[in-house]
Amino acid sequence: MTMQTKALLTDLLDFLWESPTPFHAVESAVTRLRLAGFRALDECESWGALESGGYYVVHGGSALAAFVVPDPSRVKAFHLIGAHTDSPNLRCKSVAPFEREGYAQLGVEVYGGALLNSWLDRDLGIAGRVVFADAQGRMDTRLVRFDRPLARVAQLAIHLDREVNERGLVLNKQTQMPPIVGMGESPDALRELCAQALGVGAGAMRAFELMLYDLARPTLGGLDDAFIFSARLDNLAMCHAALCALLAASGSDGDCVRMAVLFDHEEVGSQSATGAGSDFLPRLLERLSLAFRQSREEYLVTLARSVCLSADMAHALHPNYPDRHEPNHRPVLNGGPVLKVNAQQRYATSVLSGAMFESLCQEAEVPMQRYVHRTDLQCGSTIGPITSTLLGIPTVDVGNPMLSMHSVREMGGREDVACMVAVMTRFLELRSDLTSR
Ligand code: ZN
């Protein structure tokens with residue numbers, strides 16, 4: 001492993017640990033962008049004319065666009081990499097703590113398609129964002145994070161569930177997922193916890209958006225450390241790769257705006273103000289075009305020349321369940337980035353955008369794998385089809401291979417990390433006349 005690859009892996013493990021919620025993921029991204037000299041743009045201010053350089057826009061706290069502008073008079077296209085900041089998890093209900101059978105428990109909602117069994121018997125911390133009134137009565141928002149084992153969803157003992165290993169585990173989301181946090185009644189426990197962390201009175205607290213996360217740290221694993229064991233690889237691993245590619249490509253010149261755009265709410269359908277189904281990205285692109293002093297016609301031409309790479313993790317072949325995979329499309333861990341194709345357009349890859357990605361992999365000397373879902377199983381989706389529908393531009397759906405998708409503890413391949421960053425970097429550096437449309 002080169003020093004550079006080692007540093008990249010360490011940074012990925014740090015990013016995964018720093019980001020237990022989409023809000024924290026955006027904050028971790030912003031920290032890296034600031035260090036690299038990127039400047040913040042506020043959506044609520046006029047941007048005037050933008051000069052060349054790196055910028056970022058935080059949208060609603062959990063979505064982010066970061067981009068590098070070349071000489072504005074030369075902009076011919078946008079090269080976009082899209083990913084998502086959210087992962088399936090357990091989220092606290094607004095009136096969370098309640099008492100049952102003498103225990104204090106948290107009311108939780110299951111967010112997205114979580115593998116519920118993976119949340120059992122874990123040491124769970126709590127993180128999220130809190131709205132409170134400051135000394136002048138103005139609303140303020142802060143991120144909070146409690147890296148302590150505060151909660152546990154205890155599994156029923158086998159002596160009370162004798163057939164669980166033969167019949168399988170069925171969990172009721174409402175009644176069997178609330179974690180235990182203590183004994184007796186403590187209806188104000190979360191409020192007090194957050195107030196204490198922020199150094200304000202409990203009376204100043206207005207609202208919170210808190211979620212549970214596994215306290216096990218991301219790590220390399222396996223006999224040769226060939227794997228990554230971590231929460232939220234789907235899809236923070238692709239958020240991280242997109243940011244690294246943007247930073248790696250930011251030094252070189254070109255005629256395209258290079259952008260990494262990270263959306264929230266992909267795991268629940270993307271239909272929200274911070275999701276890929278919102279107007280955030282189209283509005284942003286148009287505002288940039290205005291800031292480059294382009295006419296409406298020039299904006300539409302620029303948009304027509306643009307391309308999107310939608311990056312979301314892919315299913316690697318599971319050795320214990322080979323029958324769940326399409327026999328001729330079996331990506332493996334550490335086998336390189338995966339190109340995803342689906343005739344029902346659950347993935348946005350077209351024949352041209354797929355060919356472009358294959359060429360990019362060849363140029364970057366990175367192996368490429370292909371994924372097609374079994375035709376007799378319902379295929380998942382990504383932000384790819386949504387952004388390509390909104391913008392009407394060619395999009396390619398790709399991702400690194402992984403196992404245990406949507407488990408609280410997922411598994412990826414170490415070698416794939418640098419490969420994806422290398423291909424993404426090449427994509428961002430492409431000149432506008434070299435993309436396939
Ligand atoms: Zn995903």
Side-chain angles (χ1 to χ4, degrees), residues 12 15-16 19-26 28-29 62-64 80-91 110-116 118-119 211 213-214 218 228-243 260-272 274-278 281 308-316 318 331 333 337-342 344-349 369 371-373 377-389 395-413 416-417 420 424:
L12 170 61
F15 183 74
L16 290 161
S19 313
T21 75
F23 318 113
H24 289 83
V26 165
S28 316
S62 58
L64 167 96
L80 313 166
I81 301 178
H84 64 91
T85 57
D86 61 321
S87 304
N89 61 5
L90 303 181
R91 300 195 168 190
V110 176
Y111 175 84
L115 277 174
L116 295 182
S118 68
W119 285 82
M211 35 200 100
Y213 67 99
D214 184 13
I228 301 168
F229 302 151
S230 174
R232 303 177 294 279
L233 284 173
D234 174 14
N235 194 28
L236 294 185
M238 291 300 96
C239 292
H240 182 260
L243 289 167
V261 56
L262 314 179
F263 298 102
D264 195 3
H265 296 141
E266 191 274 345
E267 299 293 357
V268 291
S270 297
Q271 299 302 312
S272 78
T274 47
S278 78
L281 181 58
C308 178
L309 187 151
S310 156
D312 205 341
M313 296 296 276
H315 297 294
H318 195 308
L333 298 182
V338 180
L339 175 68
K340 308 188 225 176
V341 178
N342 182 257
Q344 324 300 325
Q345 301 303 304
R346 304 285 291 167
Y347 303 133
T349 306
Q369 311 185 83
Y371 185 79
V372 174
H373 209 63
L377 281 179
Q378 162 94 40
C379 184
S381 192
T382 72
I383 58 150
I386 299 165
T387 37
S388 71
T389 300
T395 299
V396 60
D397 259 303
V398 303
N400 272 345
M402 68 177 289
L403 296 176
S404 312
M405 192 180 282
H406 291 191
S407 164
V408 78
R409 192 81 174 161
E410 298 172 329
M411 179 170 173
D416 301 321
V417 177
M420 183 57 95
M424 285 178 167

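Read the numbers this way: they start at 1 and go in the same order the structure lists the ligands and their atoms. Since we're looking at a predicted model, the values are computed, not measured.
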*Name of whichever N/O/S atom of His84 is nearest to the Zn ion (ligand 1)*: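 For His84, the N/O/S atom sitting closest to the Zn ion (ligand 1) is NE2.
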*Using only N, O or S atoms, tell me which atom of Asp234 is closest to the Zn ion (ligand 1).*
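This turns out to be OD1.
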*With sequence neighbours left out, what residues match Ser272 under side chain to side chain contact (heavy atoms under 4.5 Å, CB included)?*
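So Ser272 forms a side chain to side chain contact (heavy atoms under 4.5 Å, CB included) with His265, Thr274.
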*Who passes side chain to side chain contact (heavy atoms under 4.5 Å, CB included) against Ser87, sequence neighbours left out?*
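For Ser87, the residues satisfying side chain to side chain contact (heavy atoms under 4.5 Å, CB included) (neighbours in sequence not counted) are Arg232.
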*Would you kindly say whether Asn342 and His373 are connected by a side-chain donor-acceptor distance under 3.5 Å?*
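Absent: no donor and acceptor within the cut-off.
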*Quick one: do the Asp264 and Ser62 side chains pair a donor with an acceptor below 3.5 Å?*
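Ser62 and Asp264 do have a side-chain donor-acceptor pair below 3.5 Å.
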*Using 2.8 Å as a strict upper limit, say whether an N, O or S atom of Asp312 approaches the Zn ion (ligand 1) that closely.*
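A backbone or side-chain N, O or S atom of Asp312 is under 2.8 Å from the Zn ion (ligand 1).
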